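Note that this is a predicted model, so its numbers are computed, not measured. In what follows, every chain begins at residue 1, and chains take the letters A, B, ... in the order their sequences are listed.
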2 protein chains.
Amino acid sequence: MKRVAKKTITRSLLYIRILEKLIESGTHIVSSKQLADMMGLSDVKIRKDISNFGKVGRPRIGYKTFELKKILEDFVLQNIVHAVLFGVGNLGSAILKYPGFHQDRIKIVAAFDKDKSKVGKKINGVSVYSVKNAVKIISKTHAEIGIIAVPEKHSQNIADVIVSSGVKGIVNFSPISISVPEKVFVRDIDLSIEFLSLMYEMRHK
Amino acid sequence: MKRVAKKTITRSLLYIRILEKLIESGTHIVSSKQLADMMGLSDVKIRKDISNFGKVGRPRIGYKTFELKKILEDFVLQNIVHAVLFGVGNLGSAILKYPGFHQDRIKIVAAFDKDKSKVGKKINGVSVYSVKNAVKIISKTHAEIGIIAVPEKHSQNIADVIVSSGVKGIVNFSPISISVPEKVFVRDIDLSIEFLSLMYEMRHK
DNA sequence: GTCTAATTGTTAAATAATTCACGGATAAAG
DNA sequence: CTTTATCCGTGAATTATTTAACAATTAGAC
Ligand SMILES: NC(=O)c1ccc[n+]([C@@H]2O[C@H](COP(=O)([O-])OP(=O)(O)OC[C@H]3O[C@@H](n4cnc5c(N)ncnc54)[C@H](O)[C@@H]3O)[C@@H](O)[C@H]2O)c1
Ligand SMILES: NC(=O)c1ccc[n+]([C@@H]2O[C@H](COP(=O)([O-])OP(=O)(O)OC[C@H]3O[C@@H](n4cnc5c(N)ncnc54)[C@H](O)[C@@H]3O)[C@@H](O)[C@H]2O)c1
């Protein structure tokens, strides 16, 4: 199968969300132009993205919302994503309590913290465990992604724990780069950099 | 001045952070290769990025950490960034309490919520106001960026408030696209999409 | 039926970003 | 003072992504 551009994948995930909303509201047909307006993109880009997955629209009509959603899902989603969280602090708690992940088929199956007062608690149905038991619990839960929400000085240590449990994907919220083996994929989410680069863009355009 | 690539800007912001750490630890000289290893990038990319800002390194030696930091800052930073936050919920509170923004010269100068039980409180030194007073307070504080951390069904409404206050930059944490005039810049931070696209990458590489 | 206007899908062109390849500088060794 | 190994800077090549241009399709008007 042809390699699909990374940006096409992230946009396709957004299309799926919009299509869900359209379907829910009873809309059966949508054109690339309508989708484009809803998302602030160009219609060509949307058609180009979709063309990666086959010929699914009809000229003069548009796309059937349900059919398009199905096709996109078949290519870019599959199952529920299981994740474990490290660090049940301010950010970690917000993540645990966020209901949107469930809607997007992301399930947090366990959380870990080194603070004994947090271990044993349940937040939004998710149990908080001691980091000592992480490897054991992760292998039991078949988690696929580890979330790092601990203070940066502990991030590498937690990354090592995640790697040693066999998990191959990490979402890292701490503002430092972690070292992992090549076969482990890391997504860094750095909020400060988002603010600062937005600021740069505002000043230079 | 030559236009600098967007990705070069975000990486340069990361270089600044690493350089700060190196300077703090007493390191005076660093090579592109060392920086590359610390960040998981290639050394060429780092040299190419830096070359946008002039000839600052010395062959056979490397870069003076302090000098490089200064030059990068002159190009990609300037002042403190002032932001206002809408929605003091789980995520909004985490943002208010995060000390890292201060280190990165981002200052949250006011927060707004529609929940009366939150209005009047102070979180980490930041006062929470009623949304009704937002335009007035924003113009007084000279905020440059508005942060949207309200439930998605209110996001467009809050975006309109932010725009009508004259603020030209928005960081949007809600999982929907907001409509704003062309001259307003929006950065969408969509956590679900990060998880799902990471999952895709893990399955296809 | 024929025409028209709308909309898709695709090829080609343009733009953006990365990687390669290597020349030039220079500190340190001898 | 010459050699050598190292590291920077950069033009050219490659790869990735977006945008433009347009042919093909077809529902609906007439
Ligand atoms: N809060 C934000 O808005 C925000 C923004 C950007 C980045 N971050 C980053 O996210 C991370 C978490 O931020 P936060 O604000 O939630 O911090 P926090 O201090 O509120 O929470 C950190 C949690 O991690 C736990 N912890 C510490 N060491 C641990 C370890 N070794 N193993 C397991 N748990 C451990 C602590 O007990 C605490 O519960 C930090 O790296 C921070 O830089 C946070
Ligand atoms: N918590 C997360 O981890 C997470 C992850 C991804 C996205 N998000 C998004 O971030 C946003 C906030 O999430 P959250 O978990 O903090 O939600 P939350 O429900 O905990 O907090 C929302 C806050 O916004 C306030 N609010 C509601 N309507 C408002 C209005 N019109 N004006 C001002 N304030 C208003 C509420 O009073 C509440 O304090 C949501 O859009 C959510 O989809 C959150």
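B:I46 has its CD1 atom 13 Å from the C1' atom of D:dC8, to the nearest Å. A:R58 places its CZ atom 18 Å from the P atom of C:dA6, with the value rounded to the nearest Å. Atoms CZ (B:F53) and P (D:dT10) sit 13 Å apart, rounded to a whole Å. One can place NZ of A:K64 at 15 Å from C1' of C:dT8, the figure rounded to the nearest angstrom. Rounding to whole angstrom units, CZ of residue B:R47 and C1' of C:dA21 are separated by 11 Å. One interatomic measurement links the two molecules: NZ of B:K33 to P of C:dT19, which rounds to 14 Å at whole-angstrom precision. B:D43 has its CG atom 14 Å from the P atom of D:dT6, to the nearest Å. One can place CG of B:D37 at 11 Å from P of D:dC7, the figure rounded to the nearest angstrom.
Under 4.0 Å is where a charged nitrogen must lie from a carboxylate oxygen, and between A:K6 and B:E201 no such pair does. A salt bridge between B:E144 and A:R203 is absent, with no side-chain N of the basic residue lying under 4.0 Å from a carboxylate O of the acidic one.
Considering only the side chain of A:R60, C:dA5 comes nearest among C:dA5, C:dT26, D:dT17. The side chain of A:K7 lies closest to D:dT18, out of D:dT18, D:dG9, C:dT7. You'll find that the side chain of B:K55 is closest to D:dT10, out of C:dT10, C:dA17, D:dT10.
Between the side chains of B:S192 and A:R105, no donor-acceptor pair is found at a separation under 3.5 Å.
Comparing the end axes of the helix from C:dG1-D:dC30 to C:dG30-D:dC1, each fitted to five base pairs by superposing C1' atoms of four pairs onto the next four, gives an inter-axis angle of 0° (nearest 10 degrees).
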Handout entry: Intermediate values then yes/no, salt bridge (Lys or Arg N to Asp or Glu O under 4.0 Å), A:K33 and A:D37
Key = CA-CA 6 Å; A:K33 187 65 175 60; A:D37 290 344; 3.0 Å; yes
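Taking both residues in full, the closest heavy atoms of B:L85 and B:A149 are given as CD1-CB, 4.1 Å, listed atom of the first, atom of the second, then distance. Smallest separation of non-hydrogen atoms from A:F53 and A:S12: CE1-OG, 3.5 Å.
Of the two residues contacting DNA chain D, namely B:S31 and B:K48, the nearest-nucleotide position lying further toward the 5' end is that of B:S31. Where A:R11 and A:I61 each meet DNA chain D at their nearest nucleotide, the meeting point lying more 5' is that of A:R11. Comparing A:P59 and A:V44 by the nucleotide of DNA chain C that holds the closest heavy atom to each, the one mapping nearer the 5' end is A:P59.
A:T8 comes within 4.0 angstrom of nothing in the nucleic acid, heavy atoms only.
Note: B:F101 and B:Y98 have perpendicular aromatic rings, judged against thresholds of 30 and 60 degrees for the angle between ring planes.
For B:K45 and C:dT19, a side-chain-to-base donor-acceptor distance below 3.5 Å is absent, hydrogens and geometry of angles not being considered.
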